[in-house]
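Per chain, numbering begins at 1; letters A, B, ... match sequence-line order.
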Amino acid sequence: MSVRVRFAPSPTGFMHVGNARTALFNYLFARHHGGTFILRIEDTDIERHSEEAVRVIYEALKWMGIDWDEGPDVGGPFGPYRQSERLNIYKEFIEKLKEKGLVYECYCTPEELEEMRKEQLKRGEPPRYTGKCRNLTEEEKEKLRKMGRKPVLRFKVPEDRTIVFEDLVKGRIEINSRQLGGDFVVVRSNGMPVYNFVVVVDDALMKITHVIRGEDHISNTPKQILLYEALGFTPPAFAHLPMILGPDRSKLSKRHGSTSVREFKEKGYLPEAFTNFLALLGWYPKDGKEILSMDELIKRFDIKDVNSAPAIFDTTKLNWMNQVYIRSYPVEKLTDLIIPYLEKAGYDTSNFNRKWLEKVIEVTREYLTVLSDAPGYMETFLKDDFEVSEEAKSFLAENPDRLKVIELFYHKIKSLEGELSEEKFKEIIKEIGKELKVKGKNLFMPVRIALTGKMSGVELPILVKLLGKERVLKRVENSLKQVNL
RNA sequence: GUCCCCGUCGUCUAGCCAGGCCUAGGACACCGGCCUUUCACGCCGGCGACGCGGGUUCGAAUCCCGCCGGGGACGCCA
């Protein structure tokens, strides 16, 4: 039987990195086995769902390089792929449960249930539904209905049964039905079925073979297995991925900083780096190779190699990976991605020659960790009216020779005939060194300051070449003005 | 509180199932050196972990028991 897996997020308006990793592992698993990857939108909680929120999911997945074979937008043989559009399907299976006498109406109000939970907790008992309404008579129900109460439908959980499943990453897991918190709700009082129920119906009908999801779903699994059985379906295989933790070792959430895919995209992480990094959170290739393209990930991915211990989300390594990817990215693509950051920083990029911009990026890419660093590092090339830093000024003031270097450099460039090439620049510097009898830092640093106002930066010959004679002169004039007070 | 899951360098992890090849390997980070007439890159080196206690065994990171620690779940959220 061919592998069919699904990623089933609820549209909350943002894609959490934990969800992104779940999607990725499902995707890798599907592609590795030549199976089908399905996208299903879990929006039974209608109040929270919006079209925009669904689009956020599409965008995040596409950005990461994940495509799906079946889904709300592309369709497929087992649609619809949005739970809010599957309501009559669920109704049919609710009827089945009713016929079998496996569900019953419960008229307790949320307030009553909350009260009950509090008391149980106070007594040191695990909170659970007691089964209060399990044996209500018709008259009692009628009475409660007259009070204006709308019932929920609860599933009858068997008294004392050990539910066992073989988890693909955790191993054998056994839970007694007594630990399930009592009879659980399958249909809300507003008639809307609840997650644990719809997920079973959908996974069964969509012929899902492997359910790969976060560890926080382990406690749902026995309930779902009970429903599979009640409905006459065979449960799929389960694989529960270890949690992703924040630096404080608690479940990663918004208070830990950036946790949405979009934030990483906006900061300027390359999708290849981000995906590569996520893949290594809880999984490790047998051969130990860490920089891996999507194809290489697919080739190597094995659910058996997924770690069962949780991982802390620490972006230090992501930063390194991003640098690695930035340095090997095609310049054209990199330029396309960097231009928006330049625009945001106030540059009108239409003023720049595209080829020239690419050359600038070619030399500055080495310095970038994230794309949003680009405007800062590229400033040296883009802005001629810079300010000479205080550090640089005092450096020049320390030794009169240093200023002389700048002045001589200026005259030599001014009287230069023809193009200012890298070689020409090196020659000129050598000449200055000989004529003024200076060398080392005393020779190079003044020129650097005159050209950039800073004490560090890219290699001078390259800078000079990309600037051209006119801009070099303009810059030296600008610096001289600031230093000669 | 109850149940479930987890515990190897600061972090991601290899090794654990099939005990000796482990004076525990790699990567990131950190520190130092080299390279570079700057910074970064690159190269070389260093620091650094089997949660604790018992047991089994000639031998345990690996198997067993207990403890401790961390996390998750306990919704008419998904």
Side-chain angles (χ1 to χ4, degrees), chain A residues 8-12 19 42-45 47-48 83 106 108-110 113-114 117 120-129 150-154 167 169-171 173-176 178-182 184-196 198-199 213-222 240 242-243 245 247-251 277 280-291 304-305 307-321 323 327 364-369 377 429 433 439-445 448-449 452 454-460:
Chain A
S10 69
T12 56
N19 277 124
E42 311 237 312
D43 56 354
T44 55
D45 193 11
E47 284 132 52
R48 293 209 299 194
Q83 291 185 330
C106 166
C108 297
T109 63
L113 294 169
E114 187 50 39
R117 267 192 289 271
Q120 287 167 328
L121 237 23
K122 219 192 295 173
R123 268 179 276 144
E125 293 169 15
R128 69 194 307 273
Y129 178 70
K150 290 247 193 309
V152 300
L153 231 48
R154 282 185 187 272
D167 193 280
V169 342
K170 300 281 183 186
I173 295 177
E174 295 185 18
I175 297 173
N176 190 284
R178 265 192 291 245
Q179 305 300 147
L180 263 30
F184 56 88
V185 175
V186 288
V187 180
R188 297 182 178 86
S189 55
N190 66 3
M192 196 62 77
V194 116
Y195 167 76
N196 271 325
V198 298
V199 79
R213 64 204 338 182
E215 192 180 357
D216 44 347
H217 282 284
I218 287 183
S219 54
N220 285 322
T221 307
H240 288 96
M243 217 83 282
L245 274 28
D248 63 351
R249 300 200 155 269
S250 71
K251 191 174 170 179
F277 173 71
L280 260 34
L281 235 47
W283 173 79
Y284 207 75
K286 275 267 166 280
D287 61 3
K289 191 176 181 229
E290 293 193 319
I291 299 290
K304 285 195 210 79
D305 296 334
N307 208 150
S308 58
I312 292 174
F313 190 75
D314 179 354
T315 51
T316 344
K317 197 159 186 170
L318 169 61
N319 286 338
W320 164 74
M321 273 193 178
Q323 288 178 46
R327 274 184 273 140
T364 41
R365 77 201 302 186
E366 307 286 328
Y367 296 80
L368 307 181
T369 298
Y377 284 103
I429 292 296
K439 57 180 178 179
K441 217 174 183 180
N442 285 333
L443 211 204
F444 273 77
M445 203 47 89
R448 173 176 297 286
I449 292 168
T452 69
K454 294 192 182 78
M455 300 277 288
S456 68
V458 295
E459 283 180 49
L460 288 179

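Heavy atoms of A:Val199 sit nowhere under 4.0 angstrom from any nucleic acid atom. Across all strands shown, A:Lys286 has heavy atoms under 4.0 Å from sugar-phosphate atoms exclusively, and none from any base. Contacts of A:Gly171 with the nucleic acid, taken as non-hydrogen atoms under 4.0 Å apart, are absent. Nucleic acid contact class of A:Arg327 (heavy atoms, under 4.0 Å, all strands): sugar-phosphate only. Among the protein residues, A:Leu281 comes within range of the sugar-phosphate backbone only, with heavy atoms under 4.0 Å from sugar or phosphate atoms but none that close to a base. Nucleic acid contact for A:Glu290: base, since at least one base atom lies under 4.0 Å from a heavy atom of the residue. Among the heavy atoms of the strands lying under 4.0 Å from A:Pro110 is at least one base atom, whether or not backbone atoms are also near. Across all strands, A:Gly288 comes closer than 4.0 Å to no nucleic acid atom at all (heavy-atom distances).
Between A:Lys289 atom NZ and B:C28 atom C1' the separation is 17 Å, expressed in whole Å. We find that OH of A:Tyr195 is positioned 15 Å from P of B:C76, with the value rounded to whole Å. As rounded to whole Å, 13 Å separates atom P of B:C30 from atom CH2 of A:Trp320. Spacing between atom CD of A:Glu125 and atom P of B:U2 amounts to 11 Å, rounded to whole angstrom units. Whole-Å rounding puts the A:Gln323 CD to B:C41 P distance at 7 Å. A:Ile173 has its CD1 atom 10 Å from the P atom of B:C4, to the nearest Å. Atoms NE2 (A:His240) and C1' (B:C3) sit 15 Å apart, rounded to a whole Å. In this structure, the CG atom of A:Asn196 is 12 Å from the C1' atom of B:C76, given to the nearest Å.
Figure legend. B:G1 is base-paired to B:C74; pairs are counted as Watson-Crick or G-U wobble with both atom distances under 3.5 Å. Across all strands shown, B:G45 forms a Watson-Crick or G-U wobble pair with B:C31, both key distances being under 3.5 Å. Shown here, B:G69 forms a base pair with B:C6; the pair counts as Watson-Crick or G-U wobble because both key distances fall under 3.5 Å. In this entry B:A24 has no Watson-Crick or G-U wobble partner, no candidate having both defining distances under 3.5 Å.
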Assess whether side-chain contact (heavy atoms from CB on, under 4.5 Å) is satisfied between A:Ser10 and A:Tyr195, documenting all intermediate values.
CA-CA 10 Å; A:Ser10 69; A:Tyr195 167 76; over 6 Å; no

Would you sort out whether A:Arg117 and A:Leu121 count as a side-chain contact (heavy atoms from CB on, under 4.5 Å), showing the intermediate values?
CA-CA 6 Å; A:Arg117 267 192 289 271; A:Leu121 237 23; 5.6 Å; no

Verify side-chain contact (heavy atoms from CB on, under 4.5 Å) between A:Val458 and A:Tyr367, making sure each step is shown before the conclusion.
CA-CA 9 Å; A:Val458 295; A:Tyr367 296 80; 3.7 Å; yes

Worked verdict on A:Tyr129 versus A:Leu113 for side-chain contact (heavy atoms from CB on, under 4.5 Å)
CA-CA 8 Å; A:Tyr129 178 70; A:Leu113 294 169; 3.7 Å; yes

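Here the side chain of A:Gln120 pairs a donor or acceptor atom with the backbone of A:Arg128 at under 3.5 angstrom. A donor-acceptor pair under 3.5 Å links the side-chain atoms of A:Asp167 to the main chain of A:His240, judged by distance alone. A:Arg249 places no side-chain N or O within donor-acceptor distance of the main-chain N or O of A:Ile312, the cut-off being under 3.5 Å.
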Dump the pairs, protein N or O against N or O of nucleotides 62-64 of chain B, anything under 3.5 Å, distances to one decimal.
none

Identify the pairs formed between an N or O of the protein and an N or O of nucleotides 9-11 of chain B at a distance under 3.5 Å, and give each distance.
{"from": "B:U11", "atom 1": "OP1", "to": "A:Arg249", "atom 2": "NH2", "distance (Å)": "3.3"}

Could you list, one pair per line, each protein nitrogen or oxygen that sits under 3.5 Å from a nitrogen or oxygen of nucleotides 73-75 of chain B, together with the distance?
{"from": "B:A73", "atom 1": "OP1", "to": "A:Lys251", "atom 2": "NZ", "distance (Å)": "3.0"}
{"from": "B:A73", "atom 1": "O2'", "to": "A:Ser219", "atom 2": "OG", "distance (Å)": "2.5"}
{"from": "B:C74", "atom 1": "O2'", "to": "A:Pro127", "atom 2": "O", "distance (Å)": "3.2"}
{"from": "B:G75", "atom 1": "OP2", "to": "A:Arg117", "atom 2": "NH1", "distance (Å)": "3.4"}

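The aromatic rings of A:Phe313 and A:Phe277 sit perpendicular, their planes meeting at an angle over 60°, well past the 30° parallel limit.
Within the 4.0 Å cut-off from OP1 or OP2 of B:U8, not a single side-chain nitrogen or oxygen of A:Asn307 is found.
Between A:Val152 and A:Ser189, the shortest heavy-atom contact is CG1-N, 3.5 Å. Of all non-hydrogen atoms in A:Met243 and A:Lys251, the two that sit nearest each other are CG-CG, 4.3 Å. A pairwise comparison of heavy atoms in A:Glu290 and A:Leu280 identifies O-CD2, 3.8 Å as the closest pair.
Taking the C1' atoms as reference points, B:U13 lies 29 Å from B:G54, given to the whole Å. Separation of the P atoms belonging to B:G69 and B:G42 is 43 Å when rounded to the nearest angstrom. B:C47 and B:C30 are spaced 8 Å apart, taking the C1' atom of each and rounding to whole Å. When the C1' atom is compared between B:G71 and B:C76, the two are found 27 Å apart, to the nearest whole Å. Rounded to whole Å, the separation between the C1' atoms of B:C22 and B:A14 comes to 11 Å. Annotation: B:C65 and B:C21 have their C1' atoms spaced 29 Å apart (nearest Å). Comparing the P positions of B:G15 and B:C9 gives a spacing of 16 Å, expressed to the nearest Å. With C1' as the reference atom, B:C28 and B:G46 are 16 Å apart, rounded to whole Å.
Considering only heavy atoms from C-beta on, A:Tyr284 stays 4.5 Å or farther from A:Asn307 through its side chain.
Separation of atoms CH2 (A:Trp320) and CD1 (A:Ile291) is listed at 4.0 Å; rounding is to 0.5 Å.
Around the NZ atom of A:Lys289, the shell of radius 6.0 Å holds more than 12 heavy atoms that belong to other residues, nucleotides or ligands. Atom CD of A:Glu459 has 12 or fewer heavy atoms from other residues, nucleotides or ligands within 6.0 Å.
The side chain of A:Arg448 lies closest to B:U38, out of B:U38, B:C4, B:A78.
Under 3.5 Å, the side chain of A:Tyr284 and the base of B:C12 form no donor-acceptor pair of N or O atoms.
When each of A:Ile218 and A:Leu460 is assigned the nucleotide of RNA chain B bearing its nearest heavy atom, the one mapping closer to the 5' terminus is A:Ile218.
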